[in-house]
Amino acid sequence: VETICPSGKLKHPSVLLCFQDWNRTWQTHNPDLTPCFQNTVLVWIPCLYLWLFAPLYILYLKRNDHGYICMTHLNRAKTAIGFTLWLICWADVFYSFWERSHGATIAPVYLVSPTMLGVTMLLATFLIQYERMKGVQSSGVMLNFWLITIVCATVTFRSKILHPASVNVFKYTTFYIYYTMLLISLILACLSDQPPLFSQAVRDSNPCPESGIYNIFLHFVKALVITNAARRTSTVGEIVNLMSVDAQRFMDLITYINMIWSAPLQVILALYFLWQNLGPSVLAGVAVMVLMVPLNAVIAMKTKTYQVAQMKSKDNRIKLMNEVLNGIKVLKLYAWELAFKDKVSDIRESELRVLKKTAYLGAVSTFTWVCAPFLVALSTFAVYVLVDEHNILDAQKAFVSLALFNILRFPLNMLPMVISSMVQASVSMKRLRVFLSHEELDEDNVERPAISSCESSDSQAVQICNKKNVPYSGAFVAVVGHVGSGKSSLLSALLGEMQKQEGSVSIKGSVAYVPQQAWIQNATLKDNILFGRDGKDSWYQKVVEACALLPDLEILPGGDSTEIGEKGVNLSGGQKQRVSVARAVYCNCAVYLLDDPLSAVDAHVGKHIFEKIIGPQGLLQGRTRVLVTHGLSFLPQADLILVMVDGEITEMGSYTELLGRQGAFAEFLHTYTNTEQEEVEESVGGEAGRFIAELLSCFHASVLSYSTRRSIGPEPSRVGPRVFESKWTREDRQSEVKLSVFWEYMKAIGLPLSIFSIFLFFCHHLSSLGSNYWLSLWTDDPVINNTQPNREMRLGVYGALGISQGIAVFCYSVAVSVGGILASRYLHQTMLYNILRSPMSFFERTPSGNLVNRFAKETDTIDSVIPSIIKMFMGSMFNVLGSCAVILIATPLVAIIIPPLGLFYFFVQRFYVASSRQLKRLESVSRSPVYTHFNETLLGTSVIRAFGEQQRFITESDGRVDHNQTAYFPSIVANRWLAVRLEFVGNLIVTSAALFAVMARDSLSPGIMGLSISYALQVTASLNWLVRMSSELETSIVAVEKVKEYGDTEKEVSAPHSTLPAGWPTAGHIEIHNFGLRYREDLELAISDISVNIEGAEKVGIVGRTGAGKSSLTLGLFRIIEAAQGEIHIDGVNIAELGLHELRSRITIIPQDPVLFSGSLRMNLDPFDGYTDEEVWRALELAHLKNFVSGLPDKLNHECSEGGENLSLGQRQLVCLARALLRKTKILVLDEATAAVDLETDNLIQSTIRTQFEDCTVLTIAHRLNTIMDYTRVLVLDKGQMAEFDSPSNLIAKKGIFYKMAKDSGLV
């Protein structure tokens, strides 16, 4: 130091004084640092920072290229100022050399420091340019550098103003210019440059600062680009969990992030002042704190392990719940609710076991941190009084130390919370990283050559080259093949949805896609068709007419402005498919990929759509149309037919060419055309055969929602997709959380445990007060011969009170955590049971986003958040009460000030809590649409990608998230508003306590006065925390309220359990007498006055036009909807007197939608494990699935993905058939069981039903009349009433409604 900065030159007598002059820095009214310190340390700090970080930063920029930013005014300004700063530094160096050459003695520091600073400024200028070349818009590294430099220079700037004794005009001038330039550099570093060119990153015009929101944005973008294989590894439930729980973890961490640096700083300062007060004795306290660090590190590591396990269980539970809610109708029809309730409960139990372990660890952690300040105090005081008997613990030493120990308490209490929050965020970060690093779809899978200017915009072509060269432009191409032959996969390949192994696919022009299962948005019917395109009325009318939607628009309550529920609940299968076709046609694209869209509509409707849209004279004539179909009648009109077998195109050519080759296609075709020529005609569109009246209940629900909207506002069509949430919005207007909710939560914990926990809290705070009061008595002990008598006794009692305090802390922490788990188990089980017992109408009007939110976010709040908030709330409340009690006992005059302050505090608290609660409620209500939209988007990613609408959906999601944040951000502002007012109250209490203590100094002992003021100093923090925790408790307990709400909804009627014989029904005799039902009390009867008598083993077809009531009759048979009049008897037993589970498990249905659940194939066939493997294999053989399943590596244990997506639609339908064969009840209901299967498989299914269910009563809802022409009798329904009921031949002879329908289908 002497060589760099000679003390003689800088007028200091010693090397030490060069850096530290107490007279200048401490013992003065204007403290200042020495010139030597200013010219060395303050100059070197920023230089050291930049030279340390520059290599790492350059390496980082080299590996993370974001593009290239053109030279802008901002960049030029930054560079110019960088060079100017370098020149100033060199000017100082040259000036020093000039001074030396003129005989002046210049300290080396005046040469070293400017040189070092100049080189650093040159490095900074280089980094500015390198950042620009690497596309960095704003830099944290450089902002920190300029900030550190300006802070260090400010000290010198102040010194030069305070001590202008020896003014060197040149150096003063250069320094002021240097300081000004630094300020400008700092301001410029805060500004962001323009976006880079050639950037691969997603550009967002409105970047969000909140990490949680950014996470949601990333999820949404990622979910739109991941491959199907990656999608199977991350299910919908998992991805929703990532959005809800994991993104929230980051938002929670941000609240406490500053505690990472401020808590250690507070601890260091407190210990420094303690050293000043008690000397080396404080090292004993430091030792205690250091010993606690490894213990808590172990706890943190174990907690992280448990956290990972818990999140895995949570993911599985949400995934399963998502599937249960999506397939709830199937669960009810099969009476499988109990099996799935047990599956969810098993996962939940494993989750709770992990939670319990975490709770015990948390109790140990709480014990160590709550006891830490006391143990530090005890060890410090013990060492202080025992190390020297002349060390006297007087009021000054004890209570100044105690105040400092209380300052220690807050950071030491906060650190575990911050550590816990960081652990949770790191687990979430890892999960997010796994999801965000999933494989993405390669855009190069499909080549998209640009349309040249000489080509018209209608020019189009699709070309696949691999083994078979298949070029076709403006042609109608049909793709045929058996179930699972790869027809849908071919379309997926054309869309770029599959990984390209070899060859090439080229598509010129825009693409429209109609999937096999229609994807419908939660929007108006018109919005579903427009799909973000501009409205053109004349074209729109043409499309609607061509898609046969005009009759439906007349039936729907709001026409094309009718709000369509989630997944199209208030549309039938056929209506959904026609809306899907209309969407594609309206987009007016060059290439149309149609995945069997006519399978879900009636024969005559299918024929209409083909002629008006797909055929040679349709709206799409001249466009490239690729149609996957099972309808043989379309094939003669196709320009090209592709025959698929086992994923390969085996034959290709026109209809006549293929017939002429006499290959597999010709043989297949002749089999069907010869046996039943008319069947082909009939099968035109009825392949999947979904009925327009299928979900009439939902349709009536739409009437309700429409009429509700009519009453709310004049524009029903503009209400938007949150109509279904009107119930929540209404409930969320209520003013405050009722006490009954707290009471319910206490009952869920168990009243004895709740009361015991409160008692333990009381014991803990009583011990704490007792130990501090004992300390005050100790300090008042008289001093005899420079020592205090009885100090061992005083110390022993003080220690004993501390130990009792620790025991109480541990016990209440365990009690509250275990109580929270008990409550969580009870509330989750109750909600699960209640939701599964809710009628179908409940699911049709409640968005699944709401229900998933209850099982994900609200359950997580009850699991983890509420118990910890209760602990903190109770602690803060007892702290405040204890502090007020001590202050009042010590200085009774404070009683004058406490009531008005209490009143002020009460009003502030009520105002804040009410606002905060409503903001939290609004935030919760606006969060559900985010999940609903996300869920909906995940189900339709292939359609969204095909139409190229990703950006619109991302924007929509951003809008919903922003809407959610408009409620989230004000709650943070409200928090700051509260803090200011509470600081005011707290400071007034401290002032009053101190003032009245001074006024009563003659009558007060120093010990009691010290105790009073030390407690007063805690009041601000305790008050602040109490209000925040009471608000958090109220807002979090809303989760309990929402979970409990589902207990009050309507439930399915549960009849007393009757004692039916094991094999009932034995004959399958059904007697329907004067039967009628309605969907809601205030609506007309959907079907009425139906009286039929069906003998055992009869085969009865049920037919009728759209809305005739066919599906309503089956819903009545399964009591999905209860009878409004009349009754149904099966084998002489009135079904209304049976338990629902008992009834539904004794009759079988093969539903329209083949729903599968994630899990093994065996579980999907037999969730109760009631059948042997032999019986299961036999059922698979009869369902023509044995060869397929035995070819799988895991056979019966083959894992089905979510929704059974790794099986084709036809295979899923056959699995449903296998379920029916396995149950083999006397009554079978077919709700178009042959959906989405080719004719050959359909023939196999029909023959299986005829042979295997020969002695059973079979009721078939039929679109294709040929399937029921050999039935015993046919029931014809018209407008909800029975029109005809006789054998098919007799009905045709009568020439009534049935005859007309048969004629339309070409059967007569």
Side-chain angles (χ1 to χ4, degrees), residues 518-533 535-537 539-586 600-601 605 690-727 729 840-849 929 932-933 936 939-940 956 1078-1080 1082-1084 1086 1105-1109 1111-1112:
W519 173 71
I520 302 295
Q521 279 184 276
N522 180 197
T524 64
L525 191 131
K526 186 171 186 176
D527 288 342
N528 265 291
I529 295 173
L530 297 183
F531 203 53
R533 304 295 202 275
K536 296 174 190 168
D537 282 347
W539 177 240
Y540 175 75
Q541 288 304 325
K542 272 186 187 174
V543 170
V544 169
E545 188 180 353
C547 292
L549 280 167
L550 287 176
D552 302 297
L553 295 183
E554 288 170 16
I555 300 168
L556 289 169
D560 63 4
S561 297
T562 302
E563 192 82 25
I564 308 302
E566 264 190 288
K567 303 188 192 78
V569 292
N570 46 341
L571 294 180
S572 70
Q575 285 170 326
K576 281 191 272 191
Q577 197 61 278
R578 279 178 283 143
V579 169
S580 184
V581 172
R583 176 198 295 146
V585 177
Y586 184 82
V601 294
V605 178
R690 309 202 180 168
F691 249 7
I692 289 172
E694 178 230 337
L695 271 172
L696 209 54
S697 58
C698 317
F699 167 72
H700 283 294
S702 87
V703 179
L704 161 67
S705 66
Y706 177 72
S707 59
T708 311
R709 290 199 295 281
R710 285 281 286 269
S711 63
I712 292 168
E715 281 231 30
S717 62
R718 295 293 106 212
V719 171
R722 281 171 286 282
V723 166
F724 288 95
E725 292 179 7
S726 57
K727 172 176 178 282
T729 324
M840 274 309 298
S841 55
F842 168 79
F843 296 97
E844 283 150 10
R845 65 169 179 266
T846 308
S848 66
T932 303
H933 179 253
E936 182 178 85
L939 295 171
E956 165 73 5
R1078 56 167 59 92
Y1079 289 95
R1080 242 190 26 252
D1082 53 336
L1083 293 176
E1084 293 292 316
R1105 296 283 184 197
T1106 300
S1111 291
S1112 303

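Counting only distance, with no hydrogens or angles, the side chain of Asn522 and the backbone of Ile564 share a donor-acceptor pair below 3.5 Å. Thr846 contributes no side-chain N or O that, together with a main-chain N or O of Phe843, makes up a donor-acceptor pair within less than 3.5 Å.
The shortest side-chain heavy-atom distance between Gln575 and Leu525 does not fall under the 4.5 Å cut-off. Using a 4.5 Å cut-off on side-chain heavy atoms (C-beta onward), Asn528 and Arg583 make contact.
Nearest heavy atoms, Glu936 versus Ile520: OE2-O, 4.5 Å. Nearest approach of Asp560 to Tyr540, heavy atoms of both residues: OD2-OH, 2.9 Å.
When the options Val581, Leu530, Val544 are evaluated for a side-chain contact (heavy atoms from CB on, under 4.5 Å) with Tyr586, the one that passes is Leu530.
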(Q) Leu549 vs Ile529, test: side-chain contact (heavy atoms from CB on, under 4.5 Å). Steps then yes/no. (A) CA-CA 11 Å; Leu549 280 167; Ile529 295 173; 4.0 Å; yes
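We find the CG-NZ distance between Leu553 and Lys526 to be 10.5 Å, quoted to the nearest 0.5 Å.
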